[in-house]
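Comments concern the structure below.
The first residue in the sequence is number 1, and the count goes up from there. Each ligand, and each atom within it, is numbered from 1 in the order the structure gives. Bear in mind the structure is a predicted one, so any value in this text is a computation, not a measurement.
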Amino acid sequence: AKFTIVSKDECIACGACGAVAPDVFGYDDEGYAENVFSGDNNTGTVAIEASLEADVIDAAEGCPTEAIKVQDSPFN
Ligand code: F3S
């Protein structure tokens, strides 16, 4: 399983991740990204649906500031 979280301190609101993985990354009122998948609320505790894992990895690799963290276990 994959878990993901956006480090908002590192996000520069470039907007790339939501285009790559729209089912996982949304934006707050200031344009900073967050994991909105299935109630995760950017906690990194909800396993990403398997069919979306590739998109999440693509988004993480494409983020210009490496703000998107992905790992195989929950973040908390
Ligand atoms: Fe922010 Fe990176 Fe997405 S800068 S908007 S987390 S691609």
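For ligand 1 and Tyr27, the ligand atoms under 4.0 Å from any heavy atom of the residue are 5 (S). Short contacts between ligand 1 and Ile12, defined as distances under 4.0 Å to a heavy atom of the residue, involve ligand atoms 1 (Fe), 4 (S).
Around atom 3 (Fe) of ligand 1, protein N, O or S atoms at less than 2.8 Å comprise Cys17 SG.
When the side-chain contact (heavy atoms from CB on, under 4.5 Å) test is applied to Ala1, the partners found at least two apart in sequence or on another chain are Phe3, Ala47.
In Tyr27, the OH atom is crowded: over 12 heavy atoms of neighbouring residues, nucleotides or ligands sit closer than 6.0 Å. More than 12 heavy atoms of other shown residues, nucleotides or ligands fall within 6.0 angstrom of atom CD in Glu10.
Judged by distance alone, the side chain of Gln71 and the main-chain N or O of Pro74 form a donor-acceptor pair under 3.5 Å.
Separation of atoms CG (Asn42) and OH (Tyr32) is listed at 14.0 Å; rounding is to 0.5 Å.
For the residue pair Asn35 and Asp40, a side-chain donor N or O sits within less than 3.5 Å of a side-chain acceptor on the partner.
Shortest non-hydrogen contact noted between Ala21 and Ala59 is CB-CB, 4.4 Å.
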